[in-house]
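Working notes, beginning with the structure itself.
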Amino acid sequence: MTGTNDSSRPSDAALIGRYLDGTLDGAERAVFQERVRSSADFRRRVVDESAVHAALRDQQTWVEADRVKKGVSGSPLLRTAAMFVGLVAVATICLLVLVNRDGPSDRGSSQATIGALATVVSSSDPEFVIGQVLGAGKLRLEEGFAEIQMIAGARLALDAGTETYLVASDRIRLLSGSIGADVPKGAEGFTVETPSGKIVDLGTRFGVSVADDGKTRAELFQGEFEVYAGDKDPRRYKGSAAVTIGRSGDINEPSENQVTPSEFPMPLLVETIEIIRGEFDQGPFHVGDPAPGIWGGDVAEIVGRENGISPHSGQGMLRLVSSSKYRGPSANTSCNIRQWVDLQDQLFGAAGIEGIRVEAVCHANRIAGSPRIDTQFRLNTEAFKEMPVSTEDMLASRLLQREVSLLSDDDPTTWEQLELSTAIPSGSRFLLIEVGSIENIQDAIDGDQPEFEGHYMDSVEMRIIIPARPSVR
Amino acid sequence: MPDNEHTLDPNSRRHQEAVQALFVKNSRDLRFFVLSLLPSADDVDDILQEVFLVITKKAHQFTLGTNFRAWVFRIARITVLNELRKSKKRPCLLEDDVLELLACEGETVLADTSMLDALGRCLNKLDGRMKQFVRMRYEDGLKSSKIAEAFGWTPNAVYVTLSRARLSLRKCVERELRHREATS
């Protein structure tokens, strides 16, 4: 061997270089291993060089280096992927089919797969296959509609005729057409460059389109974004906004400033619907008339640990007491509480589209010890086009009703889960979520008998899933 | 992501999805970690897929809110060791105890995406020959022996130059990240 520290041993640099290249011969391997075992400094050096070696093998490093060399300012930090992905997107990140389109020259399959920037998660264009991994380069959707999941977390929807260039795991250049973006927490900083400016997301849902004349239109549907144009200071927008950027870099806010989400394709949205006091944490609690954000219904109260049962989460749980608005048994056979949810804020111009789903979950538990104790719990959800003001209204405007129930076990140390998943009809604006227990064993009607001896519910959650859609013009 | 992920039943589909989403979030760092254990491997993504399948199967063992990175890096290390032991295509390069020593050291190293941004800038600061060798080795994918042939150098001389370049880049990245932290 040549290039050694002494006549019998290769230098540390040569050993590490050969290790990283995978070309250590037998004798060199023995020396390398001896050095790793005996020298903390050598071990550290191997690991430090391996880290740089790994990063240099990532194609993204070279994209960034080229950008810095060209003096492109505002290089964003590459962020780690954000939390939301569906099962298909998560699994396909592990697949190895890479397509480079009009991008940097092919560096060979191993380095190219390392440079993945996005994955196709849905597509009706035969050129894009679900699970296909995309690297830096131009992307044009000829027909149909597609969704891609960027590695850094943003999820994009593209209409037919849209042409983009994938620059980095959190940056695209929109050359023509329309995109819709959903950028979850942790993926902030996602950037859309256009011929006339750029939009930097600060945690949001928004749409961008580029017209044939190069004019950009950006609409904010939720959260915040910043708009950059020319040499001007960026402008920040929150909540809801519509902005145009002319070819000369002038930013205009149309006087009506009304957003039109239906004019942009939108990716899949999965969002938690806030159920007020769904955790039943301790504090003042009054069951009144049900309304958005307020539990209403029969007699129930929030308690801490009792009867050998601890709350499913937090410090409190709901105890169901009686089957009417009054303490004491009644002719009714179930104790229910319910809350209305207004979907207006969740729908983002999706009102009227088909395929929207809601999922609800709650947890139930009860005392044991006697075969006379009722065992049945229920979870119910209903969808309405309007908020009813009377029972007749309820029947007239109800679009859907779905219910699940379970017969609980005899073990007060375990909570059991009720889960419900259903499509809701297009036109649904209000949801009713209802939880309760049923006198399925013994109907107590005597004033001295408790209807529900120890029946508890906790952790009520709900989420809405709005399918991806193309623009509707 | 649901607000109440910590209350999910570990055996539920939603818990599994939450664990899978954590995998995606950490997948870049994980890729670097596996690459650092298998520096000359071309099938890193196969191993990542294997790790993904393991974490999916064992999702119920992970408590949301605890240190996912430590858990998944441990699984990745075991997966790499198993792969090296069983693969006939790739005879085990290093012995188990040496791999364990490097893997444990590697888990503490900043080999993650926060380095990439700084690395792009540091590459442009390398001096002429080092930058040229690094580009040929990593951007063009040439083996060190080919670079040596092209310049009439010995392979070991090329190894030494590349090693110095990597260490120089490492120091530059640390400086950049320290500077960013100090000015943020």
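Lettering follows sequence order; numbering is per chain, from 1. Scope of the values below: all heavy atoms of this structure, side chains included, with no hydrogens, waters or symmetry mates.
- Two residues are said to be in side-chain contact when any heavy atoms from C-beta on lie closer than 4.5 Å; N156(B) and S11(A) fail this criterion.
- Using a 4.0 Å cut-off between charged nitrogen and carboxylate oxygen, D21(A) and K143(B) do not count as a salt-bridge pair.
- Top candidate by heavy-atom pairs under 4.5 Å with chain A, chosen from S12(B), C122(B), A157(B), S144(B), is S144(B).
- Only the side chain of R13(B) has a heavy atom closer than 4.5 Å to any heavy atom of chain A.
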**Prompt:** Passes salt bridge (Lys or Arg N to Asp or Glu O under 4.0 Å), R14(B) versus E461(A)? Steps please.
**Reply:** CA-CA 12 Å; R14(B) 284 173 73 185; E461(A) 299 168 35; 3.4 Å; yes
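- Counting only heavy atoms from C-beta outward, the side chains of V52(A) and L167(B) never approach each other to under 4.5 Å.
- Of all heavy-atom pairs between G17(A) and R166(B), the closest is CA-NH2, 3.9 Å.
- If you measure heavy-atom distances from V158(B) to chain A, you find no contacts under 4.5 Å at all.
- Considering CD of Q33(A) and CG of D97(B), their distance stands at 7.0 Å, rounded to 0.5 Å.
- The existence of a salt bridge linking R29(A) and E95(B) is excluded, since no basic side-chain nitrogen approaches an acidic carboxylate oxygen closer than 4.0 Å.
- Both the backbone and the side chain of V36(A) have a heavy atom closer than 4.5 Å to some heavy atom of chain B.
- Electrostatic pairing of E17(B) and R463(A) counts as a salt bridge here, judged by a charged N lying under 4.0 Å from a carboxylate O.
- There is a side-chain donor-acceptor pair under 3.5 Å between S163(B) and R45(A).
- Looking at heavy atoms from C-beta onward, L162(B) lies out of side-chain contact with L20(A) at the 4.5 angstrom threshold.
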